[in-house]
There are 2 protein chains.
Amino acid sequence: MTQKHSIPKLDDVATRAGVSTATVSRFYNNPEVVAPATAERIRAAVADTGYLPNLIAGGLASNRSRLVAVLVPEVAQSIFNDTIEAMCAELSLDGNIVMLGLTGADNSRLARLIDAALARRADGVILTALMTDETLRERLRSRSTTVIETWGLPDDPIDVAVGFSHTAVGADIARFLLGRGYQNPLVVVAAAARARLRRDGFVREWTAAGRAAPDELEVPLPTRYGHSRLVWRHVAQMNPRPDVIICGSDVLAQGVIIEAHAAGVRVPDQIAVVGFGNLAIAGDMRPSITTVDVDGARIGREAVAVLRRRAAGEQIVDRHIDVGFRLIARESA
Amino acid sequence: MTQKHSIPKLDDVATRAGVSTATVSRFYNNPEVVAPATAERIRAAVADTGYLPNLIAGGLASNRSRLVAVLVPEVAQSIFNDTIEAMCAELSLDGNIVMLGLTGADNSRLARLIDAALARRADGVILTALMTDETLRERLRSRSTTVIETWGLPDDPIDVAVGFSHTAVGADIARFLLGRGYQNPLVVVAAAARARLRRDGFVREWTAAGRAAPDELEVPLPTRYGHSRLVWRHVAQMNPRPDVIICGSDVLAQGVIIEAHAAGVRVPDQIAVVGFGNLAIAGDMRPSITTVDVDGARIGREAVAVLRRRAAGEQIVDRHIDVGFRLIARESA
DNA sequence: CTGAAAGCGCTTACAG
DNA sequence: CTGAAAGCGCTTACAG
């Protein structure tokens, strides 16, 4: 007897199908084990009742939440959005849901969000920003949850890392610009740990070639299109003017190009610009932007693959998964 | 006696504090009711054990998931991102988490994501895209969950709607351009229901002024920066050339301006451009972009406010919450 | 292939 | 202000 306006539960389906609740549960979680005829009766009962399994009860009983927390600094203009897209797509394929946590550019909400994820017994926690707080890292390590750090390759990952070397990116850019004969770069550095790693890689490679340390300019976080005005204002009063500006993002690079043009300075003829990230705008901009391509979607897929391997009980030996990157020479430098 | 490597539960804390589990539960959910001295002992026990409440068990017992599903088409270059940011911030303040569901530009994954949300007994479901499928709307209506449709004001909301009138936006743009003396607009329409509403509003107002129906161009979804090339290619072969292009997004507007400049056509002197959304780039672009401001963050906050009122047992009488919009005249038109 | 039953870790009237 | 106890809706050995 199904009651009106009360949501049907496993028991209602079982009664209607003339089987035990255990069998209905198996029908959902282990279908190959139930007899075809039984399955058919259950299917009918489900259709009749409009039953939808209560996964929060299921999660408690099975000790699997099917919840993966994805913690990112922001979503507004974020370089991580392709990674988020890929993870959402992959995870929902397996019946998981993603909890989106926005930590803020300064990671100020990170600790609370991690607690929220652990309190829901998330099957996995995926971080995109670099988490430097050792207490927090230790806290996460002490839990049994899978935690995946993405977009970087820390020496000692909490658990598993999927990313690439930011110092290598910086070095690659330096080598490229050296090869093109640039003399006087300005390195624009965002106030973020990884941006500094790229800067370090650049400076090391640049000075290793016998050049003087490059000029630098720090911009605040989060990266905004409007910062390009700050950058350009700074550049305009430099003497001598740099011949190439290395930006921390394609958005910033695009803005700098627009400001340069508005000031009557041609890119790349009078000043060159390099971006980072290879967003769609990098290829579409006029001039198209020389940048570093990072396959954000692949990072997302690899992260989910690790989660799957863990769920399958597989031992993960290599805790560093390097997806690499690729410098793409276009018109702007 | 706490066991190593087993995660502490309510019972462990209770034993250690010398109280019942009921009291520890109250300590978390109804703190004003437990005696200060008792609370202190519980606090100590929590600290000693490193206890973190299992909210999935709590959710089952209390019939509150503290989970709100936010279903958006995409996150890559989405106009909804400010709304998402605001909702995440507000919801985590109340101890809720947000499930992010990416439905795809064509909403193809919407039904599955709704089921995933309902299966977790989400306390609320927030939609940003217009959901046209009547079966799905009915399905949602039959549940007791709060559902909030945002960024639009459908005549008959599933539950509550927070947004603005898209036809009014179109009409406003028409009136503005009429006032500025434009003669020959091209309306670029994305293949989306709401974009069509804005187009309808524009055309109605434009023709009501005694003008001929404007030229139109449809662009595919999702809106990408690269589409501006398509638009510009189309414009270049129009004869006579339009004197103003009405774009469905600021990103598209920006791209069109860049293409125009690359083709040696000055904006707004030779051709004007109007955007939609008032993203940061609209104000920062050269020329700055005339657009329609929508307060996406406010939409997010209002949606969460509705959720709170529901949680407090308040009756919601007005099912339409109009947050309005504002045409912002800048340099591009 | 299926069922009876214990258990997952909490919350919440009810009683005191 | 606090406790004993039932219950939330599932899953999963265990036995057959």
Side-chain angles (χ1 to χ4, degrees), chain A residues 2-3 6-43 45-46 49-67 95 118-123 144 311, chain B residues 2-3 6-43 45-46 49-67 95 118-123 144 311:
Chain A
T2 354
Q3 290 184 285
S6 92
I7 66 181
K9 48 190 73 163
L10 196 64
D11 199 41
D12 300 321
V13 175
T15 308
R16 196 170 192 110
V19 295
S20 72
T21 56
T23 300
V24 182
S25 176
R26 288 189 198 102
F27 169 79
Y28 281 104
N29 303 312
N30 222 1
E32 64 284 2
V33 96
V34 354
T38 313
E40 200 38 66
R41 292 209 319 279
I42 295 177
R43 233 184 305 276
V46 167
T49 54
Y51 174 69
L52 197 62
N54 182 331
L55 259 32
I56 120 128
L60 177 59
S62 68
N63 196 26
R64 280 198 62 186
S65 62
R66 297 185 160 284
L67 197 234
L118 294 178
R120 266 82 177 187
R121 303 302 186 255
D123 292 336
S144 58
Chain B
T2 355
Q3 288 184 288
S6 92
I7 68 181
K9 49 190 72 163
L10 197 63
D11 199 43
D12 299 320
V13 175
T15 308
R16 198 171 188 109
V19 295
S20 73
T21 56
T23 300
V24 182
S25 176
R26 290 189 196 102
F27 170 80
Y28 280 104
N29 303 312
N30 222 0
E32 63 283 2
V33 96
V34 355
T38 313
E40 199 40 64
R41 291 206 323 275
I42 295 177
R43 232 184 307 277
V46 167
T49 54
Y51 174 69
L52 197 63
N54 181 330
L55 259 33
I56 121 129
L60 177 60
S62 69
N63 197 28
R64 282 197 61 186
S65 62
R66 298 185 160 284
L67 196 232
L118 294 177
R120 265 83 177 186
R121 303 302 186 255
D123 293 336
S144 58

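Proteins get letters first, then strands, A, B, ... in listed order; numbering begins at 1 in each.
The heavy-atom pair separating A:Phe27 from A:Pro31 by the smallest distance is O-CB, 3.5 Å. Contact detail for B:Arg121 and A:Ile7: the closest heavy-atom pair is NE-CD1, 3.5 Å.
Atom CD in A:Glu32 sits roughly 13 Å away from atom P in C:dT2 (whole-Å rounding). Counting to the nearest Å, the C1' atom of C:dC10 and the CZ atom of A:Arg120 are 14 Å from each other. Distance B:Arg64 CZ to D:dG7 P: 24 Å, rounded to the nearest Å. Between the CG atom of A:Asp12 and the P atom of D:dG9 there is a distance of 10 Å, given to the nearest Å. The distance from atom CG of B:Leu60 to atom P of D:dG7 is 14 Å, rounded to the nearest whole Å. Look at CG on A:Asp11: it is 11 Å from P on C:dA4, rounded to the nearest Å.
From B:Arg43, atom CZ reaches atom OG1 of B:Thr38 across 10.5 Å, with rounding to the nearest 0.5 Å. How far OG of A:Ser65 is from CZ of B:Arg120: 8.0 Å, rounded to the nearest 0.5 Å. Note that CG of B:Asp11 and OG1 of B:Thr49 are 11.5 Å apart. Values are rounded to the nearest 0.5 Å. Here the straight-line distance linking atom CD1 of B:Ile56 with atom CG of A:Leu67 works out to 8.5 Å at 0.5 Å rounding. Atom OG1 of residue B:Thr23 and atom CG of residue B:Leu10 lie 9.5 Å apart, to the nearest 0.5 angstrom.
Distances from the side chain of B:Asn54 to the nucleotides D:dC10, C:dG9, C:dT11 place C:dG9 closest. Which of C:dG9, D:dC10, D:dG3 sits closest to the side chain of B:Lys9 comes down to C:dG9. Nearest to the side chain of A:Leu10, among C:dC10, C:dT11, D:dT11, sits D:dT11. The side chain of A:Ala22 lies closest to D:dT12, out of D:dT12, D:dT11, C:dT2.
Counting non-hydrogen atoms under 4.0 angstrom, A:Tyr28 reaches nothing in the nucleic acid. Contacts of B:Tyr51 with the nucleic acid, taken as non-hydrogen atoms under 4.0 Å apart, involve only primed sugar atoms and P, OP1 or OP2. Within 4.0 Å (heavy atoms only), B:Asn63 reaches no atom of the nucleic acid at all. The residue A:Thr23 sits close only to the backbone: its heavy atoms come under 4.0 Å of sugar-phosphate atoms, none of a base.
Residue A:Asn29 places at least one side-chain N or O under 4.0 Å from the OP1 or OP2 atom of D:dT11. Distances shorter than 4.0 Å separate none of the side-chain N or O atoms of A:Ser62 from OP1 or OP2 on D:dT11.
For residues 35-42 of chain B, proximity to DNA chain D is found at B:Ala35, B:Thr38, defined as any non-hydrogen atom under 4.0 angstrom from a strand atom.
Between B:Ile56 and B:Arg26, the one whose closest nucleotide on DNA chain C sits nearer the 5' end is B:Ile56.
Sparse packing is recorded around CG of B:Asn63, with 12 or fewer heavy atoms of other residues, nucleotides or ligands lying under 6.0 Å away.
Judged by distance alone, with hydrogens and angles left aside, B:Arg121 brings no side-chain donor or acceptor close enough to the base of D:dG9 to form a pair under 3.5 Å.
Side-chain contact between B:Val46 and B:Tyr28 is present, with at least one heavy-atom pair separated by less than 4.5 Å.
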Check the pair B:Lys9 / B:Asn54 against side chain to side chain contact (heavy atoms under 4.5 Å, CB included), numbers first and verdict last.
-> CA-CA 8 Å; B:Lys9 49 190 72 163; B:Asn54 181 330; over 6 Å; no
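Atom C1' of C:dT12 sits at a distance of 16 Å from the matching atom of C:dG16, rounded to the whole Å.
Helical stems involving DNA chain C, defined as 3 or more consecutive Watson-Crick or G-U pairs under 3.5 Å, span C:1-3 with D:14-16, C:5-12 with D:5-12, C:14-16 with D:1-3.
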